[in-house]
2 protein chains.
Amino acid sequence: MLLEIDLTSTIALYQQIRDQIVYGIGSGRLVPGELLPTVRQLAEDLGINAMTVNKAYTLLKQEGMIVTDRRQGTRVTENPAQSRLPSDYRTRLSLLLAEGAAKSADPAQFRAEVLRILAELQGGGQ
Amino acid sequence: MLLEIDLTSTIALYQQIRDQIVYGIGSGRLVPGELLPTVRQLAEDLGINAMTVNKAYTLLKQEGMIVTDRRQGTRVTENPAQSRLPSDYRTRLSLLLAEGAAKSADPAQFRAEVLRILAELQGGGQ
DNA sequence: TGTTTGTATTATAACTCGTATAACACAAGT
DNA sequence: ACTTGTGTTATACGAGTTATAATACAAACA
């Protein structure tokens with residue numbers, strides 16, 4: 001998967017990297033077990049410092065998205081299974097859904113929108 | 001609606017205020033046209049500076065959630081209708097859904113979770 | 001005129017971000 | 001043994017941003 005960053009964005013570089021990898025995993029374009037670039041390699045490709053990439057990887061590791069071995073490198077986590085979504089995540093999702101509901105005219109219409117976005121994610125992958 | 005803030009939280013005070021009002025509107029506990037406390041009143045209730053409350057209100061105003069008049073005070077926006085959700089919002093939702101999908105074992109199960117959270121929001125409101 | 005509303009300005013301490021550099025620990029290959 | 005290539009840790013730094021506050025200003029209404 002090709003990663004791209006926008007140096008002019010207000011979103012932090014490490015956050016952009018993290019977001020794209022999360023999106024890649026969630027959409028199925030990155031599969032469990034898949035090998036990611038090394039921190040140094042990705043840093044060079046993007047023309048940024050390796051510590052910035054490391055920061056993104058550290059974040060993803062804390063989120064349980066990736067796993068690292070000393071020598072093998074970094075891989076997408078094999079066992080995606082968490083029986084129940086973290087309460088922290090549920091809170092964030094609930095808030096974001098509330099925001100969408102507040103901006104929408106009709107609840108049913110908003111519900112359909114959410115399902116469409118989810119289907120698009122899991123289907124096309126982008 | 002009673003607002004509460006956590007002074008020890010890492011989330012900024014103005015963000016906590018903003019989030020709770022968004023949640024209130026999205027869940028229906030705050031209805032269009034409803035009058036919100038004045039910046040000074042809310043600041044006093046919470047024991048914080050009025051400018052911090054103003055920052056939350058400014059944010060909400062930019063999001064189109066509330067409307068302010070000089071003398072009348074601040075109200076929940078009357079016309080919730082935006083024909084289509086802002087693309088910015090869709091991007092954020094897509095990313096958050098991707099995160100959830102990445103953390104879930106089964107896509108269908110995750111879909112059901114999302115619908116449950118949405119139903120809980122629009123039904124009980126908490 | 002006085003009160004109450006939101007707003008603008010300014011200040012400041014704290015934090016963030018990205019970078020840079022270096023060193024470390026580990027595992028595998030040679 | 002030695003080298004190589006992983007991720008990791010530590011430290012530092014400077015530009016920029018954030019969060020909160022104190023104060024003063026502007027507008028609307030009774």
Side-chain angles (χ1 to χ4, degrees), chain A residues 1 3-22 25 30 32-78 95, chain B residues 3-22 25 30 33-78 92:
Chain A
M1 193 182 73
L3 283 180
E4 290 179 9
I5 55 173
D6 178 3
L7 292 170
T8 70
S9 169
T10 61
I11 300 172
L13 298 181
Y14 77 91
Q15 189 74 39
Q16 293 184 45
I17 295 170
R18 178 267 178 197
D19 287 350
Q20 288 185 54
I21 291 177
V22 165
I25 298 174
L30 285 176
E34 184 164 346
L35 199 61
L36 295 175
T38 70
V39 289
R40 288 175 177 85
Q41 181 64 55
L42 185 51
E44 188 180 355
D45 289 352
L46 299 175
I48 62 177
N49 192 276
M51 288 308 299
T52 303
V53 176
N54 180 262
K55 192 168 182 178
Y57 278 18
T58 298
L59 200 55
L60 288 163
K61 211 171 63 169
Q62 287 173 346
E63 297 185 69
M65 296 285 188
I66 62 176
V67 176
T68 63
D69 275 334
R70 282 277 177 194
R71 182 62 174 168
Q72 287 195 343
T74 304
R75 294 182 182 278
V76 178
T77 301
E78 288 280 5
L95 176 61
Chain B
L3 282 180
E4 290 179 10
I5 54 172
D6 177 3
L7 292 171
T8 71
S9 169
T10 61
I11 300 172
L13 298 182
Y14 78 91
Q15 189 73 39
Q16 292 184 46
I17 295 170
R18 177 267 178 196
D19 287 351
Q20 288 185 54
I21 292 177
V22 165
I25 297 173
L30 286 175
E34 184 165 344
L35 199 62
L36 295 175
T38 69
V39 291
R40 286 177 177 80
Q41 181 64 55
L42 184 51
E44 189 180 355
D45 290 351
L46 299 176
I48 61 177
N49 191 277
M51 285 311 296
T52 302
V53 176
N54 179 263
K55 191 165 182 177
Y57 278 18
T58 299
L59 201 54
L60 288 162
K61 212 170 62 168
Q62 287 174 345
E63 297 186 68
M65 297 284 189
I66 62 177
V67 177
T68 63
D69 275 333
R70 278 277 177 195
R71 184 63 174 167
Q72 286 194 346
T74 304
R75 294 180 183 279
V76 177
T77 302
E78 289 280 4
R92 282 186 290 137

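All chains are named by letter (A, B, ...) in the order of the sequence lines, taking the proteins before the strands, and each is independently numbered beginning at 1.
- For the pair B:Leu13 CG and D:dA19 P, the computed distance is 9 Å after rounding to whole Å.
- One finds a side-chain N or O of B:Thr68 lying less than 4.0 angstrom from the OP1 or OP2 phosphate oxygen of C:dT7.
- With distances taken from any side-chain atom of B:Thr52 to the nucleotides D:dG7, C:dC17, D:dA21, the minimum falls on D:dA21.
- Side-chain N/O atoms of B:Lys61 include one lying less than 4.0 angstrom from OP1 or OP2 on C:dT7.
- Counting heavy atoms from C-beta outward, B:Thr58 and B:Tyr14 have side chains that stay 4.5 Å or more apart.
- Proximity of A:Met51 to A:Asn54: side-chain heavy atoms (C-beta onward) are separated by under 4.5 Å at one or more points.
- Residue whose closest nucleotide on DNA chain D sits further toward the 5' end, between B:Lys55 and A:Gln72: A:Gln72.
- Proximity of a side-chain donor or acceptor of A:Arg75 to a complementary backbone N or O of A:Gly33 within less than 3.5 Å is detected.
- If you take CG of A:Leu7 and P of C:dG18, they are 9 Å apart, rounded to a whole angstrom.
- Atom-to-atom, CG of A:Leu59 to C1' of C:dC17 comes out at 14 Å; the value is rounded to the nearest Å.
- A side chain to side chain contact (heavy atoms under 4.5 Å, CB included) with B:Ile17 holds for exactly one of B:Ile48, B:Leu59, B:Leu60; it is B:Ile48.
- Taking side-chain N and O atoms only, A:Tyr14 has a distance below 4.0 Å to OP1 or OP2 of C:dC17.
- Note on A:Thr58: nothing from the nucleic acid sits closer than 4.0 angstrom, heavy atoms only.
- Separating the CD1 atom of A:Ile66 from the C1' atom of D:dT8 is a distance of 13 Å, rounded to the nearest angstrom.
- Computed from coordinates, the B:Ile17 CD1 to D:dA21 C1' distance equals 14 Å when rounded to whole Å.
- Straight-line distance from the CG atom of A:Asn54 to the P atom of C:dT19: 13 Å, rounded to whole Å.
- Proximity of residues 38-51 of chain A to DNA chain D (heavy atom under 4.0 angstrom from any strand atom) is restricted to A:Thr38, A:Val39, A:Arg40, A:Met51.
- The CD1 atom of B:Ile11 sits 16 Å away from the P atom of C:dC15 (whole-angstrom rounding).
- Under the 3.5 Å distance criterion, the side-chain polar atoms of A:Thr77 are matched with a main-chain donor or acceptor of A:Ile66.
- Minimum interatomic distance between A:Met1 and A:Leu30 (heavy atoms only, all atoms of both residues): CE-CD1, 3.8 Å.
- Between B:Tyr57 atom OH and D:dA19 atom C1' the separation is 18 Å, expressed in whole Å.
- Taking 4.5 Å as the limit, some side-chain heavy atom of B:Leu7 sits within range of a side-chain heavy atom of B:Leu13.
- Here the side chain of B:Ala12 is nearest to one of C:dT19, D:dT20, C:dG6, namely D:dT20.
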